[in-house]
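Following: one structure in structure tokens, then a few remarks.
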Amino acid sequence: MDKNSVLIKSIEDIAVGESAYFAKTVTEADVMMFAQISGDYAPHHVNKEFGDTTMFRSRIAHGMLTAGLIGPVLTALCGAASHTASQQVRFKTAVLLNDTVTVKGTVTAVNPQSREVSVEVVCTKQNTGPNDRPVILGSFVQSMDVALTGLQ
């Protein structure tokens, strides 16, 4: 792998207040592939008839599938050589099939001594107004202490 083919950042490249975004429409195929990968075939995810009987009147995407959409934002902010040291994720409402989820991440702290970057994340979906609940609220600490022995 060539270091020019991936986004590599040093902690000095990151500033408090920087933001990044990612958006994706969650499809039936996404939900079924996630069910296969994770083994989570709960009926509210994979069974239309069951989903229609729930409070959402629809099947819903797996929470962890939705949380997985945060990864591209963390990579955009901290680079591909960072990794998540800790996270706190709060699920606020469900994502239905064909909802478009938008992830916004903002750097809230950069600690050169610990080589960690704190990122606050808000995930919303289409037609979300300023007074609507987000889908996910999250706090992440990204470690910049990754060895790049093969890329230098």
Report summary line: Taken to the nearest 0.5 Å, the spacing of Leu96 CG from Lys125 NZ works out to 4.5 Å

Query raised in the report: Are the side chain of Lys9 and the backbone N or O of Ser82 linked by a donor-acceptor pair below 3.5 Å?
Result: no

**Report entry** Met64-Val26 co-clustered via ILVMFWY side chain contacts under 4.5 Å
**Finding:** yes

**Report entry** Euclidean distance, Thr53 OG1 relative to His44 NE2, rounded to 0.5 Å
**Finding:** 11.0 Å

Query raised in the report: Nearest heavy-atom pair of Ala35 and Val46: which atoms, and what distance?
Result: CB-CG1, 3.9 Å

Report task. Of all the heavy-atom pairs spanning Val16 and Ala109, show the shortest one and how long it is. Result -> CG2-CA, 3.8 Å

Query raised in the report: So, Gln142 versus Thr84: side-chain donor-acceptor pair below 3.5 Å or not?
Result: yes

Query - Note, Ser114 side chain near Asn111 side chain (heavy atom, < 4.5 Å) - result: yes

Query - Single-linkage hydrophobic cluster Val141~Val103, side-chain heavy atoms < 4.5 angstrom - result: no

Report summary line: For Ser58 and Thr54, the nearest pair of non-hydrogen atoms, with its separation, is O-OG1, 3.5 Å

**Report entry** Spacing of Leu65 atom CG and Ile37 atom CD1 [to the nearest 0.5 Å]
**Finding:** 9.0 Å

Report summary line: The reported gap from OG1 in Thr66 to NZ in Lys24 (rounded to nearest 0.5 angstrom) is 10.5 Å

Query raised in the report: Parallel under 30°, tilted from 30 to 60°, perpendicular over 60°: which one fits the rings of His62 and His45?
Result: parallel

Query raised in the report: Hey, are Lys104 and Glu120 close enough for a salt bridge, meaning a charged N less than 4.0 Å from a carboxylate O?
Result: no

Report task. Take Asn47 and Tyr41 through the side-chain contact (heavy atoms from CB on, under 4.5 Å) test and state the conclusion after the steps. Result -> CA-CA 9 Å; Asn47 184 294; Tyr41 289 95; over 6 Å; no

Query raised in the report: In the single-linkage hydrophobic clustering (I, L, V, M, F, W, Y; side-chain heavy atoms under 4.5 Å), do Phe91 and Val31 co-cluster?
Result: yes

Requested in this report: Output, in order, the C-alpha distance, side-chain angles, deciding distance and verdict of side-chain contact (heavy atoms from CB on, under 4.5 Å) for Thr106 and Val119.
Outcome: CA-CA 5 Å; Thr106 304; Val119 179; 5.9 Å; no

Requested in this report: For the pair Gln88 (side chain) and Ser139 (backbone), establish whether a donor and an acceptor sit closer than 3.5 Å, ignoring hydrogens and angles.
Outcome: no

Query - Minimal non-hydrogen separation, Pro112 against Ile11, with atom names - result: CA-CD1, 4.0 Å

Query raised in the report: Are Ile136 and Ile60 connected, step by step, through hydrophobic side chains (Ile, Leu, Val, Met, Phe, Trp, Tyr) whose heavy atoms are closer than 4.5 Å?
Result: no

Query raised in the report: Between Val121 and Phe22, is there a shared hydrophobic cluster once you connect ILVMFWY residues whose side-chain heavy atoms come closer than 4.5 Å?
Result: yes

**Report entry** Working for side-chain contact (heavy atoms from CB on, under 4.5 Å), residues Thr102 and Cys123
**Finding:** CA-CA 6 Å; Thr102 300; Cys123 301; over 6 Å; no

Query raised in the report: Hey, is Arg57 close enough to Asp52 for a salt bridge, meaning N to O under 4.0 Å?
Result: no

Report summary line: Here the gap from Thr25 atom OG1 to Asp30 atom CG, rounded to the nearest 0.5 Å, amounts to 9.0 Å

Query - side-chain contact (heavy atoms from CB on, under 4.5 Å) evaluation trace for Val73 with Thr75 - result: CA-CA 5 Å; Val73 167; Thr75 299; over 6 Å; no

Report task. Using modelled atom types only, decide if a donor and an acceptor are shared between the side chain of Arg90 and the backbone of Leu137 within a distance under 3.5 Å. Result -> no

Query - Test item: Val89 and Phe140 side chains (from C-beta on) under 4.5 Å apart, heavy atoms - result: yes

Requested in this report: Could you tell me the separation between the CD1 atom of Ile8 and the CG atom of Asp13, rounded to the nearest 0.5 Å?
Outcome: 10.5 Å

